[in-house]
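Since the structure comes first, as structure tokens, the remarks are kept for the end.
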Amino acid sequence: MNAALLIILAYLIGSVPFGLLLTRYAGLGDIRKIGSGNIGATNVLRTGNKKLAILTLICDILKGFSPVMWIHNQDPSLMYIAAIAAILGHVFPIWLGFQGGKGVATALGTYLAINPFLGFLIAIMWLLVAKIGKISSLSALVAFCLTPFLSFIFIGLEKANHSLAYFSLAISILIVFTHRQNIYRLYAGKENKI
């Protein structure tokens, strides 16, 4: 299959707004008018429906995981580009005027496909910080900002190429960008808790 088409498909899979679709299907209205206005699982949780939030989380992880795994089987050299395309699909979905989510769960899904152990470490870091601080954005920022450093360790352990570290650096920058308003609120002590 043509490389450009594979990347476009990864973007389109990533751009499916599961949080919005699931909350509408459940009769909870437009998730963008609730809480933070985000389409991700944390904001779905603010509706009070934990099962729907978990389902959104799983779907958002899978839309990062599945295109990377599929494209890896088609052309392994496109794996990292496909991962970035899927994450950008979630953050800038064509269906919602390029106003999407923060990219955290979808990014986690791509890591679980690329390097499951590193993906597991990201999830553990998120959970630990969330348990201590009770703030989702802080958990995401800590986990993804530490990931480039962990990636360099993996390079040394696996004697692999540097693609994982470059990918991790790019994703950490993107996560900081998508959380820029959260960073201001964190600094001001006004960030919402989970």
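What you see below is based on every heavy atom in this structure, not just the backbone, and it leaves out hydrogens, waters and symmetry mates.
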Self-check item: Criterion side chain to side chain contact (heavy atoms under 4.5 Å, CB included) on Asn49 and Val44, from CA distance to verdict
Solution: CA-CA 7 Å; Asn49 192 322; Val44 173; 5.6 Å; no

So [Y] and [X], do their side chains get closer than 4.5 Å, heavy atoms only?
| X | Y | answer |
| --- | --- | --- |
| Arg24 | Asp30 | yes |
| Thr110 | Tyr80 | no |
| Trp95 | Leu20 | no |
| Phe144 | Trp126 | no |
| Asn43 | Thr23 | no |
| Leu88 | Leu174 | yes |
| Ile61 | Leu112 | yes |
| His179 | Leu186 | no |

Where is the tightest heavy-atom contact between [X] and [Y], given as atom of each residue plus distance?
| X | Y | result |
| --- | --- | --- |
| Met125 | Ala143 | CE-O, 3.5 Å |
| Thr106 | Ala86 | CG2-O, 3.8 Å |
| Gly101 | Asn38 | CA-OD1, 3.2 Å |
| Ser137 | Glu191 | OG-OE2, 2.6 Å |
| Ala82 | Ala10 | O-CB, 3.6 Å |
| Leu52 | Ala26 | CD2-CB, 3.8 Å |

Quiz prompt | Validation row, ring centre Tyr11 to ring centre Phe92 under 6.0 Å | solution = no

[X] and [Y]: same hydrophobic cluster, using ILVMFWY side-chain contacts below 4.5 Å?
| X | Y | result |
| --- | --- | --- |
| Ile87 | Val176 | yes |
| Ile132 | Leu121 | no |
| Leu141 | Leu169 | no |
| Ile183 | Val142 | yes |
| Leu108 | Ile13 | no |

Quiz item: What do the steps show when you test Thr42 against Lys102 for side chain to side chain contact (heavy atoms under 4.5 Å, CB included), and what is the final call?
Solution: CA-CA 10 Å; Thr42 302; Lys102 305 285 172 102; over 6 Å; no

Exercise. Verify side chain to side chain contact (heavy atoms under 4.5 Å, CB included) between Gln74 and Leu6, making sure each step is shown before the conclusion.
Key: CA-CA 9 Å; Gln74 301 287 323; Leu6 288 172; 4.2 Å; yes

Self-check item: Greater than 12 external heavy atoms within 6.0 Å of Phe98's CZ
Solution: yes

Self-check item: By salt bridge (Lys or Arg N to Asp or Glu O under 4.0 Å) - contacts of Arg46 (at least two apart)
Solution: none

Please round to the nearest 0.5 Å and tell me the distance separating atom [atom1] of [X] and atom [atom2] of [Y].
| X | Y | atom1 | atom2 | answer |
| --- | --- | --- | --- | --- |
| Ile7 | Ile71 | CD1 | CD1 | 5.0 Å |
| Lys190 | Asn182 | NZ | CG | 14.5 Å |
| Cys145 | Ile171 | SG | CD1 | 12.0 Å |
| Leu55 | Asp60 | CG | CG | 9.5 Å |
| Thr56 | Phe18 | OG1 | CZ | 9.5 Å |
| Leu96 | His90 | CG | NE2 | 10.0 Å |

Practice problem: Run the numbers on Tyr111 and Ser168 for side chain to side chain contact (heavy atoms under 4.5 Å, CB included), then give the verdict. | Solution: CA-CA 9 Å; Tyr111 276 102; Ser168 297; 2.9 Å; yes

Exercise. Verify the distance criterion only: is there a donor paired with an acceptor across the side chains of Ser151 and Tyr166 at less than 3.5 Å?
Key: no

